[in-house]
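Beneath this line is the structure, given in structure tokens, with notes to follow.
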Amino acid sequence: MARMNMIEAIRDAMDTAMGVDKRVVVFGEDVGYYGGVFRCTQGLQKKYGKSRVFDTPINESGIIGVAIGMAAYGLRPVAEIQFADYVYPGYDQIVSEAARLRHRSAGDFSAPLVVRMPCGGGIHGGQTHSQSPEALFTHVAGLKTVIPSNPSDAKGMLIAAIEDDDPVIYFEPKRLYNGPFDGHHDQPLTSWRNHPLGEVPDGHHRVALGEAALRSEGDDITLLVYGTLVHVALAAVRELGIAADVLDLRSLIPLDLEAIVRSVKKTGRCVIAHEATLTSGFGAELSALVQEHCFWHLEAPIERVTGWDTPYPHAQEWYYFPGPERLKKAIRHVLDATPAKQS
Amino acid sequence: MARMNMIEAIRDAMDTAMGVDKRVVVFGEDVGYYGGVFRCTQGLQKKYGKSRVFDTPINESGIIGVAIGMAAYGLRPVAEIQFADYVYPGYDQIVSEAARLRHRSAGDFSAPLVVRMPCGGGIHGGQTHSQSPEALFTHVAGLKTVIPSNPSDAKGMLIAAIEDDDPVIYFEPKRLYNGPFDGHHDQPLTSWRNHPLGEVPDGHHRVALGEAALRSEGDDITLLVYGTLVHVALAAVRELGIAADVLDLRSLIPLDLEAIVRSVKKTGRCVIAHEATLTSGFGAELSALVQEHCFWHLEAPIERVTGWDTPYPHAQEWYYFPGPERLKKAIRHVLDATPAKQS
Amino acid sequence: MDRRRIKPVEALSLHVPEPLVRPGDKPDFSHVDIPEPGKARRPPENCTAMDIRDLARGVVRVLDGNRAVGEWAQDTDLDTCVKGLRAMIKVRAYDERMLLAQRQGKTSFYMQCKGEEAIAVGQRLALQPGDMCFPTYRQQGLLIAQDYPLLEMICQIFSNSHDTLRGRQLPVLYSSKEYGFFSLSGNLGTQFVQAVGWAMASAIEGNDRIASGWIGEGSTAESDFHSALVFASVYKPPVILNVVNNQWAISSFQGVSGGESITFAERAHGYGIPSLRVDGNDFLAVYAVSRWAEQRARANLGPTLIEWLTYRVGPHSTSDDPSQYRPKEESEAWPLGHPIERLKNYLIAQGRWSEEQHEQTVAELQQEVLDATRKAETYGTLDDGPMPSATDMFEGVYKEMPDHLKRQRQKLGV
Amino acid sequence: MDRRRIKPVEALSLHVPEPLVRPGDKPDFSHVDIPEPGKARRPPENCTAMDIRDLARGVVRVLDGNRAVGEWAQDTDLDTCVKGLRAMIKVRAYDERMLLAQRQGKTSFYMQCKGEEAIAVGQRLALQPGDMCFPTYRQQGLLIAQDYPLLEMICQIFSNSHDTLRGRQLPVLYSSKEYGFFSLSGNLGTQFVQAVGWAMASAIEGNDRIASGWIGEGSTAESDFHSALVFASVYKPPVILNVVNNQWAISSFQGVSGGESITFAERAHGYGIPSLRVDGNDFLAVYAVSRWAEQRARANLGPTLIEWLTYRVGPHSTSDDPSQYRPKEESEAWPLGHPIERLKNYLIAQGRWSEEQHEQTVAELQQEVLDATRKAETYGTLDDGPMPSATDMFEGVYKEMPDHLKRQRQKLGV
Ligand SMILES: Cc1ncc(C[n+]2csc(CCOP(=O)(O)OP(=O)(O)O)c2C)c(N)n1
Ligand SMILES: Cc1ncc(C[n+]2csc(CCOP(=O)(O)OP(=O)(O)O)c2C)c(N)n1
Ligand SMILES: [Mg+2]
Ligand SMILES: [Mg+2]
């Protein structure tokens, strides 16, 4: 076990995977000599050589496109998109090609690649360094979409993603790189150093994709969260002094529906939170699933606490971000809901 | 009033808009001399000249990109994407540029453009001529996303879209071009000729974006549908002999939430249907909204009847398509639902 | 001070390309400059893009009526020509039969490659087993040149119970890893850059396999064409980048794709990639230049882009009607003739072929196609079944079916 | 028969571009071929791309120490030079102050254009009011050359209560329709093709306005660069396509973007678009060539692509540390010097400027910037407020706020 922040854990995952499997190659804008703008690939080129770790031209469609070709050949490409906000030029290659290759060729070809990208706000990055486009990938059959919330999972899930035989979209909540940010932006950031999940198993550590993790347990309410919002939810629960199931989904597709249903059937109340824009965000799917599967157990409407349906603003960042206050308000609202209070 | 099929109505809308407003220009792959692979722009180049109606290179990103430049200049571009399945290369321009231009420039610039695209299956087009990617646009703040279900609306909504000051994504359910297809693919297609909504008002006819239309009224259940599924829903209701509100949403963003809530509060039961893939489809958002706003009125879980989470298959098209049988089964299920039957 | 040396116009205007002729007009290819056969030089394989810039404007041609002439003539032996001719005849027979099958309602859709047969066939014969092609929908010749089982192709067209793609794909979107034929997607341009990635992988692994990417002249406008050329120019992987310029992209003539300003071979000049323009209806030229590019690639000399000049004789697909946008007789006026005719005449002149042999071969291959079609019909047709099952739709979306798909499959009751 | 004329390699290998030097090494630009000033000819405006292919490999240079030499020397008068020098000094003063402000925590982020000042300033002076630029984040010179109010720029940097963009945008992503400065998006490449669309619109309307698109050499790899060139090559709209080659794209040297195989001006050769390579640190060359392209555009002669050779002296942004990937002293070794110095020396030699005047101008403009900064601070800074309100976030997503946004605004209680 070693203490790591999330950047180190992600790097360690790639290092581990490259060490045991020659097919693993890593590339993207600035990932070679420099080691990536967030330094996730630092040192890898030196260790594994320029043919396995290299800079690419600035062309996200090309990055994914060549990754698909490489994966079809038999390599295990791990492509970095510098910010999730810049994945859209590569969206066609992901949706029309990577996602469908196995199906349309009836297994003749497949595209076992990983697309890594930092997502989420909280760094005053404005509309092009803050987005959380995960929902756009969950709508596409053939993709797996995952988001770790801590260093230990970050490593284990990235190794699992690299070893996965299907294309995996791997989001890195950049606000968590250096510590378990809980949305209290006006308070000093605590570091991973003192967090149990900053302890990262050495060597080949794997966290299966598709299993949620219960980060806190309680009968009052279920909070469905992932990425940065896991820590916001934990803070909200702590500050409200309630007993809640905080379910860190980790993997959106495949989704651990069983864990979700089990929890909501127990608590009867559910709040969903994510940083992405509200409308057609992944929270909509979660809400739909919860009411489909737990309708008769629900004691109050499910609420969603999310980014607003606006571009991610620069100055108003903390009005946009679904922080602990907004989450607490929604939780209270759901806890208090009774038929009498209906509108 | 004239009798038209949907292709003629769409053409008539562009013709009308071009006639009254010199700023309207129309372009896309094969739309000039040939008049489009579905012939929606037939005759327009001859009438308005090559500078206002022209073929473009095969580059969807470029088509949207130049449309944004033109719209920012002050024109009213109407760009055709040959099939909705091919919009992804242009997705970045839509999401990162058209959708955000007004907001990020604080109104200094805007992008009043229309992107028209045929969507939906039922023509044995396989995975690249059948998709319904509307949800991907509804997640993006700044866009309006609309889908007419008949010739009269097709004209009125396209004119409204062209006149709209914001970018509008305008889907054309291609299976409806020639008739109100109700999912009974083994029966002969009825034509628009005998359908009241095949009567299209002459001249400047406008259907406001954001207003749903009640296509059938009844207390038993609410069906939320759009595009082709409107006709499937009407068939299902007819065949079941029930009394249902069939709400043709027409516009997904902005959404006529009021009409939805009014209906569901009345019926207490709701089925949502669309052709797109289930997970994170627009049905998820509708389901989430309905339960948020009508929770205390719901007497049964909301069900979604949709395309499956697979690519749109060629041979198994009618297993994929959410036809009347599947819809009827879901309706019956929701009508029969009682707490006793819970799982 | 105004040092303006040229006058602004009163009003700017947009240039919108338009073909010289339209339905009703007389076909006219007088603007297409076709150099004499044999004139184009054969540069050394290790040349640079700069060294051979002129070859992107010329046309490499070998067949001069009955003779093979010029520096490229030595690259193709008669055995290869006979092999090529047979394959081309078979492609033609196959296309004709499938068009008929589509008209008979046995399938939904078909795309032929009439007039372009030499290109895919010629190139495939110049490649090695293990090399991977990333074709478009007009390279059925890549399969047929390798004697890929017709039965399997037809079962795919019919989406029947025997279809190896299990009914999932539109007809003609074949896939065969074994035969070096990458799964066709139907989205234009996307696979050009994947070919580059595949070739990069071969180079990363230190293997000796090369890739061959394919794209239509219309689709060179797509963004992924640029992606492919940028990555190819930076990493110099072993890839042949084929642009099939058949003059038309559905209803749009090649000027709409940029052909008024450049040849499509010249596109490569923006990337420092060596490129040539070649008579695509001349089997000997196709084979020779493909071989040259293949050797460059396998000698680690990097990518080559080749523009194949040809003409799309048929409609774009069975959904298209070209009489709406081009003169009916245009294909007959096409100055580069028909590839099968030309190769046949050459082989006859060389004494390696005869009219009788030709007729006999045509009949024999038509029969082979017919037999395969009949056999395929016993496995079903799209309108009549038996078809792949609904279960086939749910399988293979992922390697292992996740729970949500299992639930959906259950819901459908299959 | 194997007519193979060249041997395959045992094992293929990938070419991965690498700069000659890295931190710790001595800067080395010996591979950059810089021709003598004055040698490049000035072609007629109605030349074709083919006519001037050589100019895409050469470098148009006018300043030869203290003299202006060659055919391009006549295009720029001394008044324009003085105007340009003042604007460049102001850009520098502005950049320095904003960097300081960022370090002081008054804002989150800043991007300077040190060493590249001549390009935006020179081109803007060659354009007309009503022309529209589609800049990247290093063209603050386009605004400053027109005396755009510094106060407004700084308020945008500070995201304060006076910010015309209402706090929505990252610092430096300005917008000003009035000054022909298109709203900056932050996504690379996207706006190059929008510039082409804007120019097409001007041509469609029969207007006389032209567009100017901007992109970094690294971003030419983006797909939209290709889209822009394809559409420009097909419709020939009045647009200047500027590629600023400042040698670096964050940590990637220009070879990663394709610069080992071609000059970025040569990219245009794939599209038949006339292109030139120009000393971007030579104000006279910038102005002259911009003017030439502007005249071509306005005479309906279509697009021109210009590669501006320069060097990114500073870090990529305030988030970057170039000492991690390039020698610290590299910018001093850059063979084209610094644009402000060079223009200053020229003007002094012409008797139109003096050291004293220069110092005085620098001081005066620094003061102007400082005054504007102080004034801006009274409207707030990012760390200290007052800031635009939360309501500002909900407004302007659409022209009229739809109900769902009203509900969300209400929910936030603003
Ligand atoms: C991304 C995308 N856009 C549009 C289409 C529709 N489409 C199919 S074929 C075609 C024309 C292609 O022309 P070309 O590349 O010249 O190939 P050819 O058909 O001539 O072989 C078009 C526009 C598509 N399949 N994919
Ligand atoms: C689509 C997209 N991909 C990646 C980035 C991240 N990024 C910002 S600037 C930059 C380098 C750009 O280099 P260049 O085009 O040479 O411009 P320069 O910074 O040198 O002026 C990168 C990769 C981005 N902003 N947009
Ligand atoms: Mg073509
Ligand atoms: Mg640069």
Side-chain angles (χ1 to χ4, degrees), chain A residues 25 27 29-39 42 45 49-63 65 82-83 85-86 88-90 92 123-130 277-279 303 305-320 326 329-330, chain D residues 13-14 16-19 22 107-109 158-160 163 165-171 173 185-190 216 218-225 249-253 256-258 316 319-320 324-325 382 387-397 402 404-405 408-409 411-412 414:
Chain A
V25 292
F27 50 89
E29 295 159 17
D30 301 295
V31 311
Y33 184 88
Y34 185 49
V37 294
F38 288 106
R39 324 314 306 275
Q42 200 177 14
Q45 184 179 70
K50 284 197 300 167
S51 299
R52 291 184 64 198
V53 183
F54 52 88
D55 288 339
T56 61
I58 304 174
N59 179 323
E60 291 77 11
S61 176
I63 292 171
Q82 202 162 79
F83 286 86
D85 316 61
Y86 303 139
Y88 307 115
D92 184 44
I123 62 158
H124 269 309
Q127 57 174 18
T128 57
H129 303 89
S130 307
T277 284
L278 173 69
T279 299
E303 287 209 16
V305 183
T306 71
W308 308 112
D309 286 340
T310 75
Y312 212 117
H314 179 248
Q316 300 90 340
E317 171 141 57
W318 300 117
Y319 291 108
Y320 185 93
R326 278 177 55 205
K329 198 169 148 193
Chain D
S13 61
L14 194 71
V16 179
E18 187 63 23
R22 284 295 193 184
T107 189
S108 56
F109 180 80
F158 290 174
S159 278
N160 66 18
D163 172 11
L165 303 187
R166 304 168 76 171
R168 294 170 187 162
Q169 275 284 53
L170 197 68
L173 303 184
S185 90
N187 296 62
L188 298 172
T190 46
S219 306
T220 60
E222 284 287 7
S223 295
D224 283 329
F225 176 78
I250 309 185
S251 78
S252 301
F253 85 118
V256 175
S257 314
H316 171 70
S319 313
D320 181 44
Q324 298 285 321
Y325 52 78
L382 184 68
M387 289 202 313
S389 72
T391 324
D392 280 323
M393 169 173 68
F394 291 103
E395 282 165 4
V397 181
H404 68 280
L405 272 175
Q408 293 179 28
R409 192 184 52 183
K411 202 158 198 173
L412 184 58
V414 297

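Note that the coordinates shown come from a computational prediction; the quantities given were computed from them, not determined experimentally. Order of the sequence lines fixes the chain letters, A, B, ..., with proteins taken first and strands second; residue numbering starts at 1 for each chain.
- Here A:Asp30 is the residue among A:Asp30, A:Thr128, A:Thr310 with the most heavy-atom pairs under 4.5 Å with chain D.
- Between the side chain of A:Gln316 and the backbone N or O of D:Thr391, no donor-acceptor pair lies under 3.5 Å.
- The shortest non-hydrogen separation linking A:His314 to D:Ser159 is ND1-OG, 2.7 Å.
- Within the 4.5 angstrom heavy-atom criterion, atoms from both the backbone and the side chain of D:Met393 approach chain A.
- Of the atoms belonging to D:Arg166, it is backbone heavy atoms, and not side-chain ones, that fall under 4.5 Å from chain A.
- Smallest separation of non-hydrogen atoms from D:Val397 and A:Pro311: CG2-CD, 4.1 Å.
- Listed here is the closest heavy atom pair of A:Tyr86 and D:Gly186: OH-O, 3.5 Å.
- Expressed to the nearest 0.5 Å, how far CZ of A:Arg52 lies from CG of D:Leu14 amounts to 13.0 Å.
- Here the CD1 atom belonging to A:Ile58 is positioned 12.5 Å from the CZ atom belonging to D:Phe225, to the nearest 0.5 angstrom.
- D:Leu412 touches chain A through backbone and side chain together, each having a heavy atom under 4.5 Å away.
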Open item on the list: ring pair (Phe, Tyr, Trp, His ring centres under 6.0 Å) for A:Tyr33 and D:Tyr325? Distances and angles first, verdict last.
Closed with: CA-CA 7 Å; A:Tyr33 184 88; D:Tyr325 52 78; 8.0 Å; no
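- Per-residue heavy-atom pair counts under 4.5 Å with chain A were compared for D:Glu222, D:Arg168, D:Glu18, D:Gln324, and the maximum is reached by D:Glu222.
- Neither the backbone nor the side chain of D:His316 comes within contact range of chain A; no heavy atoms are under 4.5 Å apart.
- Residue D:Asp392 touches chain A through both its backbone and its side chain, counting heavy-atom pairs closer than 4.5 Å.
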